[in-house]
> 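Structure in structure tokens, see below.
In listed order, ligands and their atoms are each counted from 1.
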Amino acid sequence: MVQINDNFTKLSDSYLFTEIARRLKAYTASNPDAPIIRMGIGDVTLPLPDACIKAMHKAVDEMSQKDTFRGYGPEQGYEFLQDKIRQFDFKSHGVDINNDEIFISDGAKSDTGNITDILGNNVIAVTDPVYPVYVDTNVMSGRNIVRMPTTKSNDFVPELPKEKVDVIYLCYPNNPTGTTLTKEQLKVFVDYAIRNKSLILFDAAYEAFITESNVPHSIYEIDGAKQVAIEFRSYSKTAGFTGTRCSYTVVPKECRYRRQCTKFNGTPYIIQRAAEATYSEEGQLQVRQLIDYYLLNAKIIRESLSAKGFEVFGGINSPYIWLKTPDGDSWAFFDYLLKEKNIVSTPGAGFGASGEGYLRLTAFNTKEKTIEAMDRI
Ligand code: MLT
């Protein structure tokens, strides 16, 4: 008889965003005309930048001609994209990364999940609340997980774990709280990792939303980080690629083991050309417009909720607004917003025990619907 990896039985029944989709479906089945406004999962609403569309059309045409057709690409990604990443995402922030340290892939969710393949029986530390993928993928591998509460009472700056941990996941700007760490605060973690020979898995999927100057764009801006950190980036929220799928991971030579070439055959050529186009002059302008559009929504949410007496966090360097729920129970407030206001949100408890009492709203809807949602609350 087939043996199933026992660790999978330890997962909760449903992934957070699947559970939210299930509740939404159940509600709309009996209320088909409900004017739902989606502010739950961080999925973008605006179309792809025109520069990316043009690049994809061109790449499709190339695939139709014998002379320009491409089959398998390099598993790690094409150099034309690695070159742009190296210059625009790192060199411009004073960080030297080599092309062969950049692994292009199909999403930060897969990358942060797949990286667990190369980890042994380590003790893992995560912030709480936390993006559930880090926890679930380590439960699948049977690892011990230590939580670092990150709440209003510590100004959303996690304290170092009391016991020695081997791997620390950090996501900044943070999902779900929308808060950030300064360079000095991030340095505390890098120094800990150097001292303890630990590894930091730094998820910078929301880097494009940074507006404040003391917020690091890359962990490699911190001295010594290349010895101890792997960084994840994504085009999903930056350039509207949630359905197009492209990301990359920086694995410095200091932290290298083989996995990717065995288990992955590369991101499609057409998609990598679209990602490359985000760095063209036209692409940069269009990406900036997208980010500014969502940041304006975030401001609208922050300001209107504050004016209504809610305590709100995040939303300045992030598309996420984290608010205190009126009476603690975040699933109850989620249900209230869904059924009474027809607004989909994400309950804080879905991100961990320390998320209870909070709720997350995203700025990824249109400006009109964002304003309408604020009017309804
Ligand atoms: C979120 O809503 O937290 C994200 O969109 C989920 C993801 O990126 O997988």
> Check for me whether the distance between the ring centres of Phe103 and Tyr248 falls short of 6.0 Å.
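They do not qualify: ring centres at least 6.0 Å apart.
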> Considering only heavy atoms of Gly42, which atoms of ligand 1 have at least one such atom less than 4.0 Å away?
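Reading through ligand 1 atom by atom, the close ones are 1 (C), 2 (O), 5 (O).
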> Considering only protein heavy atoms, which is closest to atom 4 (C) of ligand 1, and at what distance to one decimal place?
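Going atom by atom, the protein heavy atom closest to atom 4 (C) of ligand 1 ends up being Lys237 NZ, 3.4 Å.
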> Between Arg23 and Tyr27, is there a side-chain donor-acceptor contact under 3.5 Å, judged purely by atom types and distance?
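No.
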> Any Lys/Arg nitrogen of Asp166 or Lys164 sitting under 4.0 Å from an Asp/Glu carboxylate oxygen of the other?
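Yes.
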> Quick one: which of Tyr320, Phe351, Tyr15, Tyr131 has a heavy atom closest to atom 1 (C) of ligand 1?
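It is Tyr320 that holds the nearest heavy atom.
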> Please could you name the atoms of ligand 1 that Ile41 approaches to less than 4.0 Å, counting only its heavy atoms?
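Near Ile41, the atoms of ligand 1 are 2 (O), 5 (O).
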> Taking only heavy atoms of Asn175 into account, list the atoms of ligand 1 that are under 4.0 Å away from them.
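This gives 1 (C), 3 (O) as the contact atoms.
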> Backbone or side chain, does any N or O of Lys109 fall under 3.5 Å from an N or O of ligand 1?
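Among all N and O atoms of Lys109, none is under 3.5 Å from an N or O of ligand 1.
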> Over 60° means perpendicular and under 30° means parallel, so classify the ring planes of Tyr206 and Phe209, tilted if in between.
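Plane angle between 30° and 60°, so tilted.
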> For the side chain to side chain donor-acceptor pair (under 3.5 Å) test, which of Gln76, Gln82, Lys253 pairs with Asp100?
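For Asp100, the side chain to side chain donor-acceptor pair (under 3.5 Å) test succeeds with only one of Gln76, Gln82, Lys253, which is Lys253.
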> State whether Asp191 and Arg195 are salt-bridged, where the test is any N-O pair (Lys NZ or Arg NE/NH1/NH2 against Asp/Glu carboxylate O) under 4.0 Å.
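Salt bridge: no.
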> Determine, using heavy atoms of Asp43 and all atoms of ligand 1, whether some pair is separated by less than 4.0 Å.
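Checking ligand 1 against Asp43, which is what was asked, there is no heavy-atom contact under 4.0 Å.
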